[in-house]
Amino acid sequence: MKRLSRLLGCAAALSLTAASVAHAATFVDSQFCGGNTFATCAFVTASTSTVGGNTVLTLTVTNANAAGSGSTFTRIGVGSLGGATLVGTPTSTNAHFTFSANPQGLAGAGIASDVIGFQAVPPVAPNGLLPGQSVTYTFTFSGTSLNTSNLQFAIMEQGGAPAGCEGSTKLVINGANDVFTANPASCGPTPSVVPEPATMLLFGTGLVGFGGLVVRRRRSGAA
């Protein structure tokens with residue numbers, strides 16, 4: 001009888017645990033590439049589940065770049081939280097990434113507001129997410145305060161630009177409809193060199209002197 005009671009108690013506990021963890025709902029599961037001089041390519045999977053009455057956001061990012069070994073994701077963030085309250089400290093499967101309430105460099109790239117996420121610890125070149133590597137972040141939000149239809153995901157890529165280019169690319173994904181934007185690295189044409197005023201003055205003086213010499217020679221010949 002005691003054994004049956006224990007079994008029934010275990011079954012009840014398991015049922016309560018199962019009830020507290022809802023089936024994960026995936027709302028992003030695609031590869032995104034952007035930029036026009038070199039591509040920032042990332043495979044992003046995002047899902048939510050309910051644990052203990054709170055909403056758990058699981059974000060997995062894979063660096064799918066083919067730009068070479070120098071291409072690395074240095075910052076990855078979540079924005080447009082809509083005032084959702086974070087519970088505890090988010091976790092990362094990659095120890096080289098640390099949580100930040102405001103990851104540097106992600107704001108202003110098309111992401112709206114309330115950016116939280118992770119950034120690679122220095123030196124970022126070896127510690128960032130290299131091509132072929134994946135990382136999973138877990139965020140817990142209080143109750144049902146998180147609205148996934150408004151969420152955005154931002155990724156900063158560095159080091160993959162061709163020779164002669166500067167800057168980094170940022171990829172911003174709107175989770176509700178997989179719409180994304182990306183800015184390319186700065187790879188404009190070589191700027192033309194504008195002579196300094198002093199150089200122009202010397203050049204003009206030389207032309208005047210040369211003109212005077214020609215006039216004198218002509219007068220000498222006429223005489």
Side-chain angles (χ1 to χ4, degrees), residues 20-22 24-30 32 40-65 71-160 168-176 180-183:
S20 65
V21 181
T26 300
F27 59 98
V28 177
D29 189 25
S30 301
F32 304 89
T40 300
C41 288
F43 195 94
V44 178
T45 300
S47 63
T48 57
S49 58
T50 303
V51 178
N54 292 324
T55 301
V56 177
L57 170 66
T58 303
L59 174 65
T60 299
V61 176
T62 301
N63 185 342
N65 270 317
S71 176
T72 177
F73 293 173
T74 56
R75 294 175 181 86
I76 301 172
V78 181
S80 297
L81 300 177
T85 303
L86 194 64
V87 177
T89 302
T91 61
S92 169
T93 57
N94 187 328
H96 291 159
F97 280 85
T98 58
F99 173 73
S100 173
N102 186 22
Q104 297 178 357
L106 292 183
I111 198 164
S113 61
D114 305 329
V115 187
I116 61 173
F118 287 81
Q119 52 193 31
V121 297
V124 296
N127 289 333
L129 199 66
L130 300 178
Q133 294 182 341
S134 298
V135 62
T136 298
Y137 305 120
T138 304
F139 306 83
T140 301
F141 297 93
S142 177
T144 58
S145 59
L146 184 67
N147 184 354
T148 58
S149 63
N150 294 328
L151 285 185
Q152 293 180 304
F153 304 100
I155 300 170
M156 175 183 281
E157 190 271 357
Q158 293 176 274
S168 60
T169 58
K170 301 183 187 76
L171 183 67
V172 177
I173 304 161
N174 295 320
F180 69 96
T181 58
N183 71 312

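What you find for Thr148 and Phe27 is that their closest heavy atoms are CG2-CE2, 3.8 Å. Summarising the geometry of Asn63 relative to Ser71, their closest heavy-atom pair is ND2-O, 3.6 Å, with the distance given to 0.1 Å. The shortest heavy-atom contact between Thr72 and Val124 is OG1-O, 4.0 Å. The two residues Pro131 and Asn65 make their nearest non-hydrogen contact at CB-O, 3.5 Å. Looking at every heavy atom in both residues, Ala42 comes nearest to Phe73 through CB-CE1, 3.7 Å. The heavy-atom pair separating Ser80 from Gln152 by the smallest distance is OG-OE1, 3.0 Å.
Under the 3.5 Å distance criterion, with hydrogens and angles disregarded, no donor-acceptor pair is assigned to the side chains of Asn94 and Ser92.
The CE atom of Met156 sits 14.5 Å away from atom CG of Leu129, with the distance rounded to the nearest 0.5 Å. Distance CZ/Phe99 to CD/Gln119: 10.0 Å, rounded to 0.5 Å. Here the OG1-CG distance, from Thr48 to Asn147, works out to 10.5 Å after rounding to the nearest 0.5 Å. Residue Asp29 holds its CG atom at 4.5 Å from CZ of Phe43, rounded to the nearest 0.5 Å. To the nearest 0.5 Å, the span separating CZ on Phe139 from CG on Leu151 amounts to 10.0 Å. Note that the OG atom of Ser145 and the CG atom of Leu86 stand 9.0 Å from one another [nearest 0.5 Å].
A donor-acceptor contact shorter than 3.5 Å is absent between the side chain of Thr45 and the backbone of Thr60. Formation of a donor-acceptor pair under 3.5 Å by the Thr26 side chain with backbone atoms of Val28 is not found in this model. Checked by atom type and distance alone, the side chain of Asn54 pairs as donor or acceptor with a backbone atom of Gly143 at under 3.5 Å. A donor-acceptor distance shorter than 3.5 angstrom exists from the side chain of Asn127 to the backbone of Val121, with no hydrogens or angles considered. Although no hydrogens or angles enter the test, the distance criterion places no donor-acceptor pair under 3.5 Å between the side chain of Ser100 and the main chain of Phe118.
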When you look at Phe153 and Phe32, which way does the side chain to side chain contact (heavy atoms under 4.5 Å, CB included) test go after all the steps?
CA-CA 11 Å; Phe153 304 100; Phe32 304 89; over 6 Å; no
Check step by step if side chain to side chain contact (heavy atoms under 4.5 Å, CB included) holds for Phe141 and Leu81.
CA-CA 10 Å; Phe141 297 93; Leu81 300 177; 4.2 Å; yes
